[in-house]
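First comes the structure, then the notes that go with it.
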Protein chains: 4
Amino acid sequence: MTREEKARVTRDSLLNAGCAVVAAEGYASASIAKIADLAGVAHGTFYNYFEDRQALFDELLPYEGLRMRDRIEEIARGAPSGMQREFARFEAFLNYVIENEGFYRVLYEAEIFAPDAHRAHMDNIVNGYKGTLRRAMDEGRMHRLDPLQAECLIYQILGMRAYSAMQIHFAGEAAEKLAIRDAAVETYRFLIGRSLLSGKDIR
Amino acid sequence: MTREEKARVTRDSLLNAGCAVVAAEGYASASIAKIADLAGVAHGTFYNYFEDRQALFDELLPYEGLRMRDRIEEIARGAPSGMQREFARFEAFLNYVIENEGFYRVLYEAEIFAPDAHRAHMDNIVNGYKGTLRRAMDEGRMHRLDPLQAECLIYQILGMRAYSAMQIHFAGEAAEKLAIRDAAVETYRFLIGRSLLSGKDIR
Amino acid sequence: MTREEKARVTRDSLLNAGCAVVAAEGYASASIAKIADLAGVAHGTFYNYFEDRQALFDELLPYEGLRMRDRIEEIARGAPSGMQREFARFEAFLNYVIENEGFYRVLYEAEIFAPDAHRAHMDNIVNGYKGTLRRAMDEGRMHRLDPLQAECLIYQILGMRAYSAMQIHFAGEAAEKLAIRDAAVETYRFLIGRSLLSGKDIR
Amino acid sequence: MTREEKARVTRDSLLNAGCAVVAAEGYASASIAKIADLAGVAHGTFYNYFEDRQALFDELLPYEGLRMRDRIEEIARGAPSGMQREFARFEAFLNYVIENEGFYRVLYEAEIFAPDAHRAHMDNIVNGYKGTLRRAMDEGRMHRLDPLQAECLIYQILGMRAYSAMQIHFAGEAAEKLAIRDAAVETYRFLIGRSLLSGKDIR
DNA sequence: CATGAATGAGAATTCATTCAT
DNA sequence: GATGAATGAATTCTCATTCAT
C-alpha cells in the first residue's frame, strides 16, 4: 500500500468513525477522543487529516448525504416516470431512514452543528429538484410554476419528507414504523398527486 | 412587591434571559453564566429556580410555544372558516417566525437539546390538529381519513410549515423573506386546497 | 409555652436534626439545608441558634456522647463491682453501638469534622476513667500505675472498644454483629482480666 | 527519559502530592487544584492519571499503608521471635506515626473518605495477623483461639495501636510524644504479654 | 424571631487542541 | 506521519452565609 493509500484509509477511518459516533450519540458528544479511539488512531493523528473538529463535522453530511441520495436515485430510476418517480423517492427516503436510523441524526442535527454543510446540502438537494421540476414542466407533466414558487414547493416537499421521518423516528416498534411509512406514502401521493397533476392522471 | 411576586419576577427574568440567549446563540452555548448575567442575578440564584440547566431548557419550548400558538389561533379565528382558517394559520406561523427570528431557533434546536419537551410540544400540536381535522371531517368539509392517515397528514403539514420557515430563515433580506412567505402561502394553498377539498376518497 | 421554651424546642429540633442527618449521611454531607428542613425551620433560623455549621457539629458529640455515657454507666452500676463493672461497660458500649448505628458515625467522624469537640470528649472520657482507676488502685483491686501509664492504659482500652465497634460495623447481618459482640467481650475479659488482676507490678 | 518513564514520574508526583496535601490538610480540603499545583502539573493532567478525585484517594492508603507495613515488618524481623516481635511491631508503628505525622491522617481519615480502601487495608492487616496468630498457636506459643475470637483479638490489638497513636497525636511536644510511646509500649507488653502467654514467660 | 431568596466563592470535571518525541 | 501527555479555559453545580422583609 502506498503512502498515499494509507493516508486515504486513515482519513476514511476517521470519517466513518465520525459518522458512527454522531449516529450513536449525536454531534454534541462526538468528541475527538471517541472518534480517534473508534478509528484506532491517536488523538493527535486526527489533526493530520482535519483542521479541527468542525472540519470533520462539515464533511459528515456531504459524505452521508451523497450516499443516501445515490441510493434513493438508484431506486427512483426504477419507477416508470415523472410523478411515480417522485413517490418512489419519497418512499425510498423513508426506507433509508428506517434502515439507517443513525443517518437521521447525522442529517437533522447538522442544521445546528454544521450549519454551513447543512445549507450546502439543502442547496444541493433543492437544485437537484429544480432540474426535475423544470423538466416536468417543460414536458407538460405538471403546472408551470415561477422559480420562487418552485423553490417553495421543493422546501415544502422536503419538509413533508423530514417530518414523516420524524414521525417514524418517534414510533417505538419496527412494525409501527412500517405502518407509518405506508400511510405517509399514501398521504404524500394524495397531497402531491392531486394538486400537481393539473387535471391529468398520475403517470 | 411581596416576596412571592419578587420570586416570580426573578424566575421570569431567568426564563426570558434563557430564551434570549438561546435565540441569539443556540442552546449549545447558552451557559448558566450567560443566562444569569443577562437576567441580572448571581449564578447561584439560577439554581433556586431550576433544578439544572436542562430544566430551564425543558421549559423554554412550552413557554415560547404556547405564546406562539395563542398568537396564531387568535389570528386564525379571524378567518371565515375551515380551510381558510388553516391557510391563515400557516401564514401566521410564517409571520411569527419572521417577527420572532429567535423563536425559530428555540423551536428547532429543541429536538436535540430538549427532546422530551420537543416531543411533548409535537404531541400537543398534533393533537390540536387532530381535533380540527375530526371536526372538518364530521362536517363533510374534507375527506374522511383513518386516524393513522390523519396523523401522517398533520406531520406533513407541520413539515411544510417548518421547512418554509427554514427557507425564510435562509433568506438574507427582509423583503426576500416576505416574498418567500407569500409564495409559500400560495404554494401551500395550492397543495392543500386542491387535494383536501376534493370530494373523492384517498386511493 | 413561653418565648424561652419555644426557643429551646427549636434549638433541640435543630440539634436532633443534626444528629439524624450526620447519623444517616455523615458530617460531610450534613448541609444546613438538610438539617433545617428536617427540623422544620427556615435556613436562616439556623443562624439564630448557632454561630455557624461548625458550632452545631461541635455540640453533636457532647450531646450524643453524654447520652451514651449515661446509658452505659446506668448499666455498669448494675454490675457487682470493679472489673465486672468494666466488662459490663465494654459490653454496654458495643450494645449501644449496635442499637444506635448512627451514633458510631457521629462519634468516629467527629475526630475529623469536630476535632475540638472530639478532643474534649476524649479528655472527658479519659478523666472519668482516671478516677475509676484511681479508686481501683487505692482499694488494691489492681496494679498501681503511674499517671502516664494509667492514661496509656485508658487509651488502649478505648481503642479496643472502638475497634471492636468497627469490627461489628463491618459485619453485615444482625446475628453476625451479636456473635462478634459476644466474642469481643470474651476477648476483652481475657486480655484485661488476666493482666490487670494479677498482683504484680508492671515492669 | 522515555515517554513511559515520564508518565510514571508524573503519576508519582500526583500521588505524592496527594499524600502531602492530605497529610497537611486532610482529605476534605485536598482539592484537585491543590494537588495538581503541588505536583506541578495542570489541573487537567490529573485526569489523565486518575478517573476522579476518589480514585486518587483510594490509592493513597495502599500506597502509604504498604510503605508503613514494610517498614514495620522489616523492624519486627529484627526481634528474636513471637511475642517480642509483636511488641517490636507495636513500637515500630508508634515510631512510624511519630516520624510520619501525616500518615496518621491519611490512615484514619480513610475510614470516611476512602471507605473501600480502608476496608481493604483493614482486611489486609487483619489477614496478615491471622497467619501470625495461627503460627503462634500451632507452635504452642499462645492460647488456642477459635477464628472469631482470633479476629476479635486482632481488632482489639489494632485498636490499642490506633488509640495509642491518637494519644501521641494529641501530645504537643516531641519529648512528650516519646514518653507516651514508651509508656504505651510498656502497657501493651503488660496487657498482651500477661494474657496471651498461657502461663509461660514472655519469650 | 422567622423567613427564604440572593449571593458568590469555590469545587470537580471535560475536552479541543498543541507539540515534543 | 504517528503518538499521546500536557494544557488550561470553560462549564456546571453546591452550599454556607447574609439580610431585607
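Only this structure's heavy atoms are used, side chains among them; waters, hydrogens and symmetry mates stay out. Below, read A as the first sequence line, B as the second, and so on, with proteins coming before strands; counting in each chain starts at 1.
- Candidate nucleotides dA6(E), dA6(F), dA2(E) were compared by shortest atom distance to the side chain of T10(D), and dA6(F) ranks first.
- Counting heavy atoms from C-beta on, the side chains of E101(C) and H169(C) come closer than 4.5 Å.
- Using the six-membered ring where Trp is involved, Y27(B) and F113(B) have ring planes that are parallel, under 30° apart on the 30 and 60° scheme.
- Here the C1' atom of nucleotide dA16(E) and the CG atom of L56(A) are 13 Å apart, to the nearest Å.
- The shortest side-chain heavy-atom distance between F46(C) and V41(C) does not fall under the 4.5 Å cut-off.
- Residue R8(C) contributes atom CZ, which lies 16 Å from atom C1' of dC1(E) at whole-angstrom precision.
- The line from CG of D12(C) to SG of C19(C) is 10.0 Å long, rounded to the nearest 0.5 Å.
- Between E109(D) and E109(C) there is no side-chain heavy-atom pair separated by less than 4.5 Å.
- Comparing dC1(E) with dT21(F), their C1' atoms are spaced 13 Å from each other, to the whole Å.
- Between Y27(D) atom OH and dA12(E) atom P the separation is 15 Å, expressed in whole Å.
- F50(B) comes within contact range of no nucleotide atom at all, as no heavy-atom separation falls under 4.0 Å.
- When the C1' atom of dT7(F) is taken as reference, atom CG of D37(D) falls 13 Å away, rounded to whole Å.
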List the protein contact pattern of nucleotides 14-21 of chain F with one symbol per nucleotide (5' to 3'): B for base contact, S for sugar-phosphate-only contact, - for none; contact means a heavy-atom distance under 4.0 Å. B-SBB-BB
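- Inter-residue side-chain proximity for H118(A) and M166(B) is flagged as met; some heavy-atom pair is nearer than 4.5 Å.
- Pairs of residues two or more places apart, or lying in two chains, that qualify as side chain to side chain donor-acceptor pair (under 3.5 Å) and include a residue from residues 32-59 of chain C are R11(C)-E59(C), E25(C)-K34(C), Q54(C)-D58(C).
- With contacts defined as side-chain heavy-atom distances shorter than 4.5 Å, the pair E64(D)/L107(D) does not qualify.
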Reading DNA chain E 5' to 3', what string of ( ), [ ], | and . shows its pairs, if Watson-Crick and G-U wobble pairs count only when both distances fall under 3.5 Å? .||||||||||||||||||||
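- Taking the side chain as every heavy atom from C-beta outward, I112(A) and R105(B) never approach each other to under 4.5 Å.
- At whole-Å resolution of the value, CZ in R11(C) and P in dA2(E) are 13 Å apart.
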